> 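Have a look at the structure that comes next, please.
Small disclaimer: the values here were computed from a predicted structure and weren't measured. Note on naming: letters A, B, ... go to the chains in the order of the sequence lines (proteins, then strands), and numbering restarts at 1 for each one.
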Amino acid sequence: MAEYRYNFDEIEKKWQQYWDDKGLFKTEELPDADKYYLLEMFPYPSGKLHMGHVRNYSIGDVAARYFKMKGKNVLHPMGWDSFGLPAENAAIQKGVHPNIWTHDNMGEMREQLKQLGIAYDWDREIATCEPEYYRWMQWIFVQFFKNGLAYKKKNPVNWCPSCETVLANEQVVDGVCDRCGSAVGKKDLEQWYLKITDYAERLLADLDKLGDWPPKVKLMQKNWIGRSTGAEVDFSIEGFDKALRIFTTRPDTLFGVTYMVLAPEHPFVAELTAGGEYEAPVRAFVGKLQYMSDIDRTSTTLEKEGLFIGRCAVNPMNGARVPVYIANYVLMDYGTGAIMAVPAHDQRDFDFAVKYGLDIIPVVDPENPDIDTNDLKEAFVAEGLMINSGAFNGMRNREAIEKITEYLETNGIGKGSVNFRLRDWLISRQRYWGTPIPMIHCENCGWLPEKEENLPILLPTDVAFTGKGESPLTTSKTFSETICPECGGKAEREIDTMDTFLDSSWYFLRFCDARNEKVAFSKEKAAYWMAVDQYIGGVEHAILHLLYARFFTKFLYDIGMSPVDEPFTNLLTQGMVLKDGKKMSKSIGNVVSPGDIINRYGADTARLFILFASPPEKELEWSDAGVEGSYRFLNRVYRIVNELTDAVKTAGDGYKAVSEADKELDFAMNRAIKKVSDDIGGRFGFNTAISSIMEMVNALYKYKEEKAADAGLLKAAVTNLILILSPFTPHICEELWQITGHVDSLYGAKWPDYSEDALVRARAEIVVQINGKIKERVETESGLDREGLIAAVCADERVKRLIDGRDVLKLIAVPDKLINIVIQQ
RNA sequence: GCCGGAGUGGCGGAAUUGGCAGACGCACAGGACUUAAAAUCCUGCGGUUCGUGAGAAUCAUACCGGUUCGAUCCCGGUCUCCGGCACCA
């Protein structure tokens, strides 16, 4: 018997070349075809691909190739999120210009993606660091500004002392910089913000409009946006002419207020204490807190600390005088920066009241004899009946929330109100390798956007990378100097660059029309391709990237640019690739390099293993032995197809499954087609899809030993095997397709249908249970109805013996599967 | 602390709607081929008990309980692990 050697290296190079030469993956708008926009999160070009990339893009490629075979017009583009800190660090450490470093990396990673055989339309490749891209990034920023959604504000901001830059709240994880891990401090700086909070309501509500998104991701976004309903209430302060406005979610507890707390940064604090005996101690207290890092400031374990500021406020409900404090547990940037404190019904207020000896007045009765409202051990936060609350006594507190809010509105002391946890997005970065913010400051005219016809504002090249001090753009001799677009006088450019999360917030729109030099993207092309039908990427982007991208899309929709207001219809978040139960990382030393695996086993084996070892959304434990297994399977496929090639080439089309053996193979084949179709087209169950193909291959090995093997059936089996395996391992399948006499590429070949008839088995094995316990298996004809099934099963001698004259109380029959006989014990 | 998710053989995992638990693969063991090895092929492979044996009985999906003729699946409670948020008034 001939030996067939699976030369993956030769095969993969050959077909990659073929795809490239034929330009098979190029995509254009075809008005009559059903479009399918498939997108994987584009990578940061950090150097080489890691296994997480391989997994992400292999998953995407299976879907792309499958939907192409199903006749869809598939858009499957790739690009680079190529601005960012590592490039600048390389410049500082190695003296390489970020642009060179980045392009080297993109080149290397592009080659690796081609080696993996991912079907990308490279004609649409984009890199966010190219002026052709960031020109439109700047244009979009200008639109934000013109629509009042970009503004500059001086604020204490998160400051990473190591990266020497400002960070968004989202980039501070557990109080440390999410890039370098240094503890994040505070610094007062004037910074650009995008008003994402204007979109909070829609970003929340439209989560319901999304298609198939992991519920977990929706929930994370929901919590991040953090909508709270309640009321704003004005308290007067004795001897002070301005009202103190507070926000509360519990207007029902207004009668239980025993003190007030202002955030230390609250503008009233200085006014209220100026010139008095409290000024000095308050200033000391505020000073101590102001530059505390967020990790310390907001730690729940930090003891609550506060200071009386020498003033009293008046409760508008009952005229009660209550002292005014400042305290470390009240934040300036949520609500109004001031709270009413109700220690009886809020645990934080309770702790504070106990520490400082403040009154605790219960206003909601727990209706529980075990709780003594006059001697509370902790705050009572559940529902109950109103007490100590004047006209509202006796009401359920839930109802009192509404009634008291109405009362506030009628009497002009407050109103119903909604607050969000979401903050505006700080986008300024004191960095070089990012999109320059296209804003100009003029002494006379203030902040103005650069004229659109002058875009892009190019990054200057005469810049020093010292890694110290402020933005590197300040070291350019020419960059900041410009003229005012309004009055033509001398003016200065903004020297900060944008957070790179902006670049990735609209790249999916640019892919629709990647080479357009007139506009960011044409509305027509975007209308054809958008929204992204399937988006695939790591769950680590569940909040930031996905929220920002949704925000951008809504804004672009509002100004008439984007055809849709949600960018991603369906989302798949793939799991991490682990080795020895831990995330692969250089510091642990458990990294498996994709390049090594491809060299040793080929890209098809790497793809197959990664797709087979675990469902896409779950974590994947890397196993060298498992890779061997996948390699073995591809060898098995290669061998059997080669062995059967002659038979396949000479056989006619069509077959009749006559013998039992025919029917077995026919069944396995049709089941595999159905399973793979359902698994890819539906729930992305690639691991089970592959296992059904393995079963089919096992059936084929068994069948080919049959003396009376039907050539037509063998031909169908081999043909279908190659077709349904091809999305997973395209190179070997193209090779086998050619070997078995086909001329055209498999890319876009017609996906096979399956026969329902072949999936119906003639005989059924019926499980016989007595009182729910399995006792026997009886073979019957398949497709019997309840009566027929019971008759057939009860006719069986063994079943008769099991019943043995005892009373049958009940008979449960599940067609073709099971009978449960309930008898007297 | 709050909010989610998960727990199935030695391992990765399967069971898509409440109906044969452990598909498929890995590892392991035995065998065939070979001078030998690799490769390949065949067989076995959750636990316990009984049986010389074909086999039989029984337990088993983190733990305890419930609903049901029947529960990996539904409900209640407990434990463990993972993820998100974390003084948001």
> Can you check whether A:Tyr6 and A:Tyr4 have ring centres sitting under 6.0 Å from each other?
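Not under 6.0 Å, so no.
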> Aromatic rings A:Tyr329 and A:Phe352: how do their planes relate, parallel, tilted or perpendicular, breaks at 30° and 60°?
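Taking A:Phe352 first and then A:Tyr329, their aromatic rings sit tilted (interplane angle of 30° to 60°).
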> At under 4.0 Å between heavy atoms, what does A:Phe633 touch on the DNA or RNA strands: base, sugar-phosphate, or nothing?
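Contact class for A:Phe633: none.
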> Between A:Met220 and A:Asn820, which residue's closest nucleotide on RNA chain B lies nearer the 5′ terminus?
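So the residue in question is A:Asn820.
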> Heavy atoms only, 4.0 Å cut-off, all strands: where does A:Gly629 land among base, sugar-phosphate and nothing?
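Counting heavy atoms under 4.0 Å across all strands, the contact made by A:Gly629 is with sugar-phosphate only.
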> What does A:Arg683 touch in the nucleic acid at a heavy-atom separation under 4.0 angstrom: a base, only the sugar-phosphate, or nothing?
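If one applies the 4.0 Å heavy-atom cut-off, A:Arg683 turns out to touch a base.
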> Ignoring hydrogens and geometry beyond distance, is the side chain of A:Gln347 in donor-acceptor contact with the base of B:G1 at under 3.5 Å?
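No such pair is found, so the answer is no.
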> Between A:Trp425 and A:Phe501, is the ring centroid distance below 6.0 Å?
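Distance test on ring centres: not under 6.0 Å, no.
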> Inspect the surroundings of CZ in A:Arg671 and state if more than 12 heavy atoms from other residues, nucleotides or ligands are less than 6.0 Å away.
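It does not: A:Arg671 CZ has 12 such atoms or fewer within range.
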> Looking at B:C69, does its base get a donor-acceptor pair with the side chain of A:Lys810 below 3.5 Å?
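When only heavy-atom distances are counted, A:Lys810 does not reach the base of B:C69 through any donor-acceptor pair under 3.5 Å.
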> Can you measure A:Arg421 atom CZ to B:G84 atom P for me and round it to whole angstrom units?
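The answer, rounded to whole Å, is 13 Å.
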> In the structure shown, which nucleotide is the Watson-Crick or G-U wobble counterpart of B:A39, with both distances under 3.5 Å?
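Across any shown strand, B:A39 pairs with none.
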> Check every atom of B:C20, B:A89, B:U16 against the side chain of A:Lys675 and return the nucleotide holding the closest atom.
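Per side-chain heavy atoms of A:Lys675, the pick is B:U16.
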